[in-house]
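Both counts, for ligands and for their atoms, begin at 1 and track the order of listing.
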Amino acid sequence: MIVFNRPTSAPGALQKLESAMASGKLSGDGPSTQKASEMLSELHDGAKVLLTTSCTHALEMSALLLDLSPGDEVIVPSFTFVSTANAFVQAGATPVFVDIRSDTLNIDEAQVAAAVTERTRAIVPVHYAGVGCEMESLGATAQRHGLTVIEDNAHGLFARRNGRPLGTFGAMSTLSFHETKNISTGEGGALVINDEAFVERAEIIREKGTNRSRFFRGQVDKYTWVDIGSSYLPSELVAAMLVAQLEQAALTQQRRSALWWRYQQTLGDWAQEQRVVLPLQGAPEDGAYHMFQILLPNLAARTAFISHLREREVMSVFHYVPLHSSPMGAKVGRAPFGCPITDDISDRLARLPLFTDMTETEQQQVIDAIASFRVHG
Ligand SMILES: Cc1ncc(COP(=O)(O)O)c(C=O)c1O
């Protein structure tokens with residue numbers, strides 16, 4: 001069976017884990033955390049980076065930093081992972097769901113502008129598959145109304161929009177190192193802070209509401225409880241693995257981009273004949289190469305496609321189920337304009353296997369299975 005994903009492995013990880021274990025310092029914020037944070041900071045034009053236990057937790061931290069009150073609204077796409085909305089609901093806000101653009105599958109910037117009310121506090125764009133959202137337009141809307149932009153960049157590490165790294169546009173952005181991501185520690189994430197005004201409080205929230213980070217920097221002579229917070233920092237073992245993963249990032253991206261472009265080039269004729277849409281991509285050097293998704297003409301074709309591949313020992317999976325019409329989304333949020341494109345895309349999208357150490361033979365098996373699929377009707 002060609003699985004949908006195999007986590008990226010880093011040959012250097014075992015040795016780094018052994019040294020971390022031998023160091024006697026296993027809890028968070030040791031030397032491996034510092035090293036990984038510096039490496040991520042470099043990828044984000046020098047932003048402050050705080051490692052977290054997941055992207056979900058980084059989103060939760062960003063929500064706490066907004067000091068939301070009941071009735072405050074946060075604009076999110078309906079076509080996203082549950083955490084993009086849940087983090088803000090947990091912090092007391094109402095999620096306002098807007099639709100996506102049919103070309104990039106990213107939040108529709110015109111709808112965002114139209115969805116702003118007096119209660120809006122933030123916009124949370126998701127760079128789907130690592131293709132950048134319309135950040136200039138979203139930034140202008142945010143500036144006009146005094147809103148905070150938080151980029152959910154779970155898919156977009158290494159990707160750029162017009163040459164600028166994703167994750168550096170908003171006041172904050174969040175990363176995921178879940179096992180499905182290009183850089184993987186099993187579970188893991190980071191909060192990237194571009195607006196310095198959030199740094200000090202973010203450190204406190206991440207350390208159980210204490211000023212422990214200031215204490216370790218010698219800025220206060222004892223640490224104490226000063227704010228709300230939780231335990232969002234990963235152990236040194238996770239950080240050591242992250243360093244190993246980041247050290248081989250160039251190779252990871254090179255492999256993934258080769259696989260991605262092979263799909264794009266070899267599936268072109270088949271896609272045109274079968275009325276299938278292949279993913280959009282900007283400049284090759286700007287890509288994240290996180291996933292390869294295709295759009296079948298309708299739900300029946302998508303269902304038939306997934307089972308056709310399964311019969312040929314290839315696993316293809318769909319993706320997000322719309323949040324605005326989910327039981328929780330409908331209960332706590334609202335979708336002022338409906339989300340017809342989200343509903344449609346959610347039914348038609350299928351993701352192909354794409355993982356860092358996929359061999360050409362494995363990929364050929366996927367391509368052959370796809371080439372023999374015909375859309376009926
Ligand atoms: C857009 C988006 N945001 C957030 C997450 C949550 O990431 P994590 O599993 O690291 O919490 C995911 C998960 O894949 C995601 O796709």
Side-chain angles (χ1 to χ4, degrees), residues 4-5 7-8 36 40 49-64 74-91 95 97-101 104-107 122-133 135 138 149-159 166-167 169-170 172-192 206 230-235 238-239 241-242 245-246 279 288-293 317-324 326 328-329 339 342 345-346 349-351 354-355:
F4 171 67
N5 177 64
T8 300
L40 289 169
V49 173
L50 297 176
L51 298 194
T52 58
T53 32
S54 64
C55 182
T56 299
H57 275 168
L59 286 162
E60 286 180 16
M61 284 182 63
S62 74
L64 292 178
V74 175
I75 302 176
V76 297
S78 173
F79 188 67
T80 183
F81 192 70
V82 61
S83 300
T84 315
N86 216 0
F88 298 91
V89 171
Q90 255 196 43
F97 297 106
V98 301
D99 214 346
I100 48 171
R101 296 166 56 111
T104 56
L105 315 187
N106 283 333
I107 197 162
I123 306 169
V124 190
V126 175
H127 303 298
Y128 187 75
V131 172
C133 295
M135 295 312 294
L138 293 171
V149 175
I150 298 159
E151 301 168 69
D152 181 338
N153 197 24
H155 303 179
L157 180 58
F158 308 117
L166 299 188
F169 290 85
M172 292 174 261
S173 64
T174 61
L175 291 168
S176 173
F177 308 121
H178 181 259
E179 71 171 16
T180 50
K181 304 302 186 293
N182 300 20
I183 297 292
S184 158
T185 58
E187 302 278 358
L191 179 67
V192 177
R206 179 168 168 271
S230 189
S231 187
Y232 289 118
L233 66 169
S235 87
V238 169
M241 195 162 165
L242 183 54
Q245 290 266 328
L246 289 169
Y289 304 113
H290 169 52
M291 70 170 95
F292 196 97
Q293 78 281 4
V317 295
F318 52 86
H319 209 182
Y320 304 131
V321 175
L323 292 183
H324 70 286
S326 66
M328 185 66 174
C339 300
T342 296
I345 296 289
S346 173
L349 188 144
R351 293 179 288 162
L354 176 69
F355 43 88

Asker: Can you check which of Lys181, Glu179, His178, His57 brings a heavy atom nearest to atom 14 (O) of ligand 1?
Answerer: Lys181
Asker: Is it the side chain, the backbone, both or neither of Thr180 that has a heavy atom closer than 4.0 Å to ligand 1?
Answerer: neither
Asker: Counting distance only, does the side-chain N/O of Ser78 pair as donor-acceptor with the main-chain N or O of Leu323 below 3.5 Å?
Answerer: yes
Asker: What atoms in ligand 1 come closer than 4.0 Å to a heavy atom of Thr80?
Answerer: 1 (C)
Asker: What's the shortest heavy-atom distance between Tyr320 and Ser346, and which atoms?
Answerer: O-OG, 2.8 Å
Asker: Please indicate whether any nitrogen or oxygen in Cys55 is less than 3.5 Å from any nitrogen or oxygen in ligand 1.
Answerer: yes
Asker: Considering only protein heavy atoms, which is closest to atom 15 (C) of ligand 1, and at what distance to one decimal place?
Answerer: Phe81 CB, 3.4 Å
Asker: Give the contacting part of Ala154 toward ligand 1: side chain, backbone, both or neither, where contact means a heavy-atom distance below 4.0 Å.
Answerer: side chain
Asker: Heavy atoms only, cut-off 4.0 Å: how does Asp152 contact ligand 1, side chain, backbone, both, or neither?
Answerer: side chain
Asker: Does an N or O from Glu187, backbone or side chain, lie closer than 3.5 Å to an N or O of ligand 1?
Answerer: no
Asker: Does Gly188 have a non-hydrogen atom less than 4.0 Å from ligand 1?
Answerer: yes
Asker: For ligand 1, which atoms have a heavy atom of Val126 less than 4.0 angstrom away?
Answerer: 1 (C)
Asker: Are any of the heavy atoms in Tyr320 under 4.0 Å away from ligand 1?
Answerer: yes
